[in-house]
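All figures in this text were calculated on a predicted structure; none of them were measured in a lab. Numbering of ligands and ligand atoms starts at 1, following listing order.
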Amino acid sequence: MSAPSDGRRPPRVLLLAYSYTGQTRALLDAAGDVFAERGWEVESAPIVPEDPRIARRFGTFPMRRVWPDMLSVLPAQARRATCAVTVPESVVGGDYDLVCLGSPTWWSAASMPMRSFLKSDDARKLLAGNNFAVFIACRGRWRGNLAEITKLGRWQGGRYAGEYHATYPGNEVTSMLSLTSYLGSGEYREKYLGVTLPPTNVSAAQLDEARGFAESLADSLVGRDG
Ligand SMILES: Cc1cc2nc3c(=O)[nH]c(=O)nc-3n(C[C@H](O)[C@H](O)[C@H](O)COP(=O)(O)O)c2cc1C
């Protein structure tokens, strides 16, 4: 679809994520394809952790020492701590009709980089009076993450427009083993520590669901012709 012919600017969406292995980013990109097909202007930007402790452990993939690296943020997550983050200056002053926020779950809460961004002045500039939607990727614990993001987004003056979350198969133990095997090796293994592993990470079906969610967001925000 092309831009509106009546002189109005096309609607604009910002896809803003913190994503360590690219799962949350993949959900946002799938949604972005739908917005673009419908004539929206789509911009993507990362939330970049600047804190050396986070940057060192989460700046490389696979993780160097998966269990110590994952556990390193547990105390800070329990305190809902923040760290230094940046987002590109070009997007902070942008005029968007919708901001899609993507974050993995870290220890049952929003990831520290997303929390840190949401508490910043930049978040107020982007969200005040604006619509925001939430995209989450995790093994299973999405509720606390969503609650934290929606609470902070609203506190910054944003209007919550909905959410999509992708969770991974398996129980607490098997999904954790599958994830840590992947985070520590960068590969998908069928067995780890003698246990048969369920798949981890976002599936093709979940990318389709994220596209469906984007369709419904576009319909509700600017109507079927926008
Ligand atoms: C430090 C850390 C803590 C995590 N804690 C949880 C958790 O409490 N519950 C859960 O369901 N998934 C948890 N996960 C899994 C992530 O949500 C999952 O790896 C997700 O795919 C990451 O998405 P990303 O690639 O966009 O960062 C955790 C992952 C990391 C790295």
- Query: How about Asn171 and Thr174: does a side-chain donor come under 3.5 Å of a side-chain acceptor?
  - Reply: yes
- Taking atom types as modelled and ignoring hydrogens, do the side chains of Asn201 and Tyr188 form a donor-acceptor contact shorter than 3.5 angstrom? yes
- side chain to side chain contact (heavy atoms under 4.5 Å, CB included) against Pro199, all qualifying residues, sequence neighbours excluded: Pro169
Give me the pairs of N or O atoms, one from ligand 1 and one from the protein, that sit under 3.5 Å apart.
residue, atom, partner, partner atom, Å
ligand 1, 5 (N), Trp107, N, 2.8
ligand 1, 8 (O), Trp107, N, 3.2
ligand 1, 8 (O), Ser108, N, 2.8
ligand 1, 11 (O), Arg139, N, 2.9
ligand 1, 11 (O), Gly140, N, 2.7
ligand 1, 11 (O), Arg141, N, 2.9
ligand 1, 12 (N), Arg139, N, 3.3
ligand 1, 14 (N), Thr105, O, 3.2
ligand 1, 17 (O), Thr105, N, 3.4
ligand 1, 17 (O), Thr105, O, 2.9
ligand 1, 17 (O), Ala137, O, 3.2
ligand 1, 21 (O), Tyr168, OH, 2.5
ligand 1, 25 (O), Thr21, N, 2.8
ligand 1, 25 (O), Thr21, OG1, 2.5
ligand 1, 25 (O), Gly22, N, 3.1
ligand 1, 25 (O), Gln23, N, 3.1
ligand 1, 26 (O), Ser19, OG, 2.6
ligand 1, 26 (O), Gln23, N, 3.4
ligand 1, 26 (O), Thr24, N, 2.8
ligand 1, 26 (O), Thr24, OG1, 2.5
ligand 1, 27 (O), Tyr20, N, 2.7

Check this for me, if you would: do [X] and [Y] make a salt bridge, where the nitrogen-to-carboxylate-oxygen distance has to be below 4.0 angstrom?
X	Y	value
Arg12	Asp97	no
Glu163	Arg143	no
Glu215	Arg38	yes

